[in-house]
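Worksheet for the structure shown next.
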Amino acid sequence: MLLTTTAWFSLLPCLTSAALHEHRLKHAQVHHDHKREITTRQSASTNGLMIQGFEWYVVKDSQHWNRLNGQLEKLAGIGIDRIWIPPATKANAYNSTGYDVYDLWDLGEFGQKGHVATSYGTKEELVALSDNATALGITLLADGVINQRSGADKATPCSAHKVNPTNRLESISSSQTISAWVDFTFPGRGGKYSNKTWTCDDFTGVDYDDTTKESAIWKIEADDNDFATDVSTENGNYDYLTLADVAYHNPSVQEDVKAWGSWVVEQLGLSGFRLDAAKHISRAFLLDWITSIKAQTGKSDLLFVAEYLTGDPAVVQSFADGLNNTVSVFDTPLQTKFHEFSTGDQMNLATVFDYTWLSTRPDQAVTYVMNHDTQVGQALESLNVQGWFLPLAYALILLREAGYPCLFYGDMYGTYNDNGAFTAPPYAKMIADLALARKYFAYGTQTDYLDSTNVVGWTRQGDSDHPEGLAVIMSNAQGGDQTKTMNVGTQHAGETWSSLFGGTGAVTISDDGTAEFIAGAGTVNMYTRADASQRSGFGSWDVSL
């Protein structure tokens, strides 16, 4: 299934209107070196795990960096080694999620758009979050929103013509002068960090003419601002997505955004970026950007994770190959299957990993179950995973050897809606226990039992640092307990294993390493040694912030 809808369109109603940062810690290099030591130590002995540190409607009160700061020990406790933070740059609208970028160089440091802080907090608070996270072995992944800008300081005349929304290579009007909101001078920052200002030449197009008050896709006619040809070919050419679209043919644009990438990595001690709207940005520029940042910062191990919205892993492969495989990609094909299993559109659990990015390029797959776009009320709500299947889906990404999994903030802390109503996360304790099982037990040889339509499982035999072992079984059957005989290795013969969720009794591993494991209808269960010392922390997740 090919997805052509993106989360950006949910921004349009409030972001097209015309009404619409060198403080660096003296000990940053010490923290950077310490972080490298921690990362190296962890990679040799632990399973990495990321969490998306926000949901779309998280409270926009400039206190989010402080709230995350208060959760660091708890997150480290369940094995989190990286937090994907929401867009940290100054946005056009104070109460927005941040994808309406006004000024990349303002991390909540300057009085712009009526506020010094962003909706998440100040730069000082964000640096404190990074420092405290580093001390606990956690790094930050920035949301790199470099495709579009919003909230120009004034409108300016640009020559432009309208293009067909379903074929953006087709003009549907003659050239005319429009009043485009593309004049960015950043008076509140006063040229600190970057002297670049922006105007017509720096954007491929806009979606609003302030003279006629008409909304359309206007292709700006200027120098070095052609639509990139190395982007998604949906809609003829999918360079233009929304708002004022950044022109990456323009050399001054390229240099400013590359300089910003290196600067923000150093300012915040980042371990990488999530690449927002990657299908709409020139692949040549993205590769140049990634190469430049690694070279300028000396951090060759930075992680770049692309958001590329498609259900087709072959399309993802073409994108990744076009970037010389310097990126990982969120596995939307797998997330789509989770949605379909949760709604009954797919039933055969034995095929859950077929035709996914994880099965194609496991070393480049970042797996997820939910995110800010698939939550209720957002543009990809149609891919929302129904609650009963959440524990099964999380087990499938957390307890196996392939992929780098990402938890969703809303599944751990709850979500708000656009009216401010809060919904508590019903499966947060189970998901936290799955994360703990990943941290302590999901190591060693994996044996798959993906051999049944409604009951599947796998085992992990453990390794020298984590000898306990793990057995996982799940069922999407409609009624009654389901069982599966699985082998956990003869080194575990004679051991007593019991469920990490409780309630299913103990089993004894036979001389040949097998035992019969149980899962209830529509549930997941996991077993390890009954005497494992790490079991004491299970069942203790607290959703409160």
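We number each residue from 1, following the sequence as shown. Below, all heavy atoms of this structure are taken into account, side chains as well, without hydrogens, waters or symmetry copies.
Between Ala437 and Leu399 the shortest heavy-atom distance is CB-CD2, 3.8 Å. Ala88 and Leu126 get closest at one heavy-atom pair: CB-CD2, 3.6 Å. Of all heavy-atom pairs between Asn47 and Ala442, the closest is ND2-O, 2.9 Å. Residues Thr351 and Gln346 approach most closely at OG1-OE1, 4.1 Å, considering heavy atoms. In this structure, Gln364 and Ala320 approach most closely via the heavy-atom pair NE2-CB, 3.8 Å. Here the closest heavy-atom approach between residue Leu141 and residue Ser271 is recorded as N-OG, 4.5 Å.
A 4.5 Å side-chain heavy-atom check between Ile83 and Ile138 finds at least one atom pair inside the cut-off. Annotation: side chain of Thr139 is not in contact with side chain of Asp81 (no heavy-atom distance under 4.5 Å). Side-chain contact between Leu434 and Met526: present, with at least one pair of heavy atoms (C-beta onward) separated by less than 4.5 Å. When side chains are defined from C-beta on, Leu287 counts as touching Thr326, because their heavy atoms get closer than 4.5 Å. For the pair Tyr394 and Pro405, the minimum side-chain heavy-atom distance is 4.5 Å or more.
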For this session: Let me see the working for His161 and Ser173 under side chain to side chain donor-acceptor pair (under 3.5 Å), right down to the final yes or no.
Result: CA-CA 6 Å; His161 60 269; Ser173 79; over 6 Å; no
Problem set entry | Residues Ile172, Val163; criterion side chain to side chain contact (heavy atoms under 4.5 Å, CB included); working and verdict | CA-CA 5 Å; Ile172 57 174; Val163 300; 5.6 Å; no
Problem set entry | Tyr94 vs Ser62, side chain to side chain donor-acceptor pair (under 3.5 Å): CA-CA, chis, key distance, verdict | CA-CA 9 Å; Tyr94 171 74; Ser62 295; 2.4 Å; yes
Problem set entry | Full working for side chain to side chain donor-acceptor pair (under 3.5 Å) between Tyr413 and Gln71 | CA-CA 11 Å; Tyr413 293 103; Gln71 296 297 300; 2.8 Å; yes
Problem set entry | Criterion side chain to side chain donor-acceptor pair (under 3.5 Å) on Tyr99 and Asp143, from CA distance to verdict | CA-CA 9 Å; Tyr99 294 96; Asp143 206 322; 2.6 Å; yes
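Taking the side chain to side chain donor-acceptor pair (under 3.5 Å) definition, one finds that Ser282 meets it with Asp230, sequence neighbours left out. Residues passing the side chain to side chain donor-acceptor pair (under 3.5 Å) test with Thr356 are Ser359, sequence neighbours excluded. For Gln254, the side chain to side chain donor-acceptor pair (under 3.5 Å) test picks out no residue, with sequence neighbours left out.
Note: Thr204 OG1 to Asp239 CG = 4.5 Å, rounded to the nearest 0.5 Å. Atoms NE2 and CG, on His249 and Asp202 in that order, are 14.0 Å from each other to the nearest 0.5 Å. The CD1 atom of Ile397 sits 6.0 Å away from the CZ atom of Phe338 when rounded to the nearest 0.5 Å. Taking OG1 from Thr233 and CZ from Arg168, the interatomic distance works out to 12.5 Å, rounded to the nearest 0.5 Å. For the atom pair OG of Ser452 and CG of Asn454, the computed distance is 6.0 Å after rounding to the nearest 0.5 Å. One finds the CG atom of Leu129 at 6.0 Å from the CG atom of Leu68 (value rounded to the nearest 0.5 Å).
For His280 and Phe227, the distance between ring centers is not under 6.0 angstrom. Ring to ring, Trp289 and Phe273 are close: their centroids are under 6.0 angstrom apart. Residues His64 and Tyr409 place their aromatic rings such that the two centres sit under 6.0 Å apart. In this structure, Trp388 has its ring center at least 6.0 angstrom away from the ring center of Phe341. Less than 6.0 angstrom separates the ring centroid of Phe285 from the ring centroid of Tyr248. Remark: aromatic rings of Phe184 and Phe203 are close, center separation under 6.0 Å. The ring of Trp84 has its center closer than 6.0 angstrom to the ring center of Phe54. Ring-centre distance between Tyr368 and Phe330: below the 6.0 Å cut-off.
Between Asp103 and Lys90 there is no salt bridge, since no side-chain N of the basic residue sits under 4.0 Å from a carboxylate O of the acidic one. For Asp256 and Lys258, the salt-bridge test fails: no basic side-chain N is under 4.0 Å from an acidic carboxylate O. Note on Asp61 versus Arg67: salt bridge recorded, some NZ/NE/NH1/NH2 to OD/OE distance being below 4.0 Å. Taking the charged nitrogens against the carboxylate oxygens, Asp448 and Arg400 do have a contact shorter than 4.0 Å, which makes a salt bridge. Under 4.0 Å is where a charged nitrogen must lie from a carboxylate oxygen, and between Arg361 and Asp321 at least one such pair does.
In this structure, the side chain of Lys219 does not engage the main chain of Ile217 through any donor-acceptor pair within 3.5 Å. Although no hydrogens or angles enter the test, the distance criterion places no donor-acceptor pair under 3.5 Å between the side chain of Asp245 and the main chain of Gly205. Side-chain atoms of Asn525 never come within 3.5 Å of backbone atoms of Met474 as a donor-acceptor pair (strictly under, hydrogens ignored). Remark: the backbone N or O of Leu268 is paired with a side-chain donor or acceptor of Ser130 at under 3.5 angstrom. Thr118 places a side-chain N or O within 3.5 Å of a backbone atom of Gly121 that can act as its donor or acceptor partner. In terms of modelled atom types and a separation under 3.5 Å, the side chain of Tyr120 and the main chain of Thr97 share a donor-acceptor contact. Although no hydrogens or angles enter the test, the distance criterion places no donor-acceptor pair under 3.5 Å between the side chain of Asn235 and the main chain of Tyr238. Proximity of a side-chain donor or acceptor of Lys279 to a complementary backbone N or O of Leu309 within less than 3.5 Å is detected. Counting only distance, with no hydrogens or angles, the side chain of Ser342 and the backbone of Gln386 share a donor-acceptor pair below 3.5 Å. In this structure, the side chain of Arg438 engages the main chain of Gly48 through a donor-acceptor pair within 3.5 Å.
In this structure, a donor-acceptor pair under 3.5 Å is absent between the side chains of Asp100 and Ser150. Inspection of the Tyr355 and Thr360 side chains reveals no N or O donor paired with an N or O acceptor under 3.5 Å. Side chains of Gln63 and Asn66: a donor on one and an acceptor on the other come within 3.5 Å. For His372 and Gln378, the side-chain atoms include no donor-acceptor pair closer than 3.5 Å. At a cut-off of 3.5 Å, with distance as the only test, a side-chain donor of Thr343 or Asp345 sits close to an acceptor on the other residue. In the model, Asp312 has no side-chain atom that pairs as donor or acceptor with a side-chain atom of Thr310 under 3.5 Å. Judged purely by distance below 3.5 Å, without hydrogens or angles, the side chains of Thr332 and Gln335 never pair a donor atom with an acceptor atom.
Figure legend: cation-pi geometry between Lys123 and Trp65 absent, as NZ or CZ is not positioned both under 6.0 Å from the six-membered ring centre and within 45° of its axis.
Considering Thr291, Leu323, Val327 as possible partners of Leu286, the one that fulfils the side chain to side chain contact (heavy atoms under 4.5 Å, CB included) test is Leu323.
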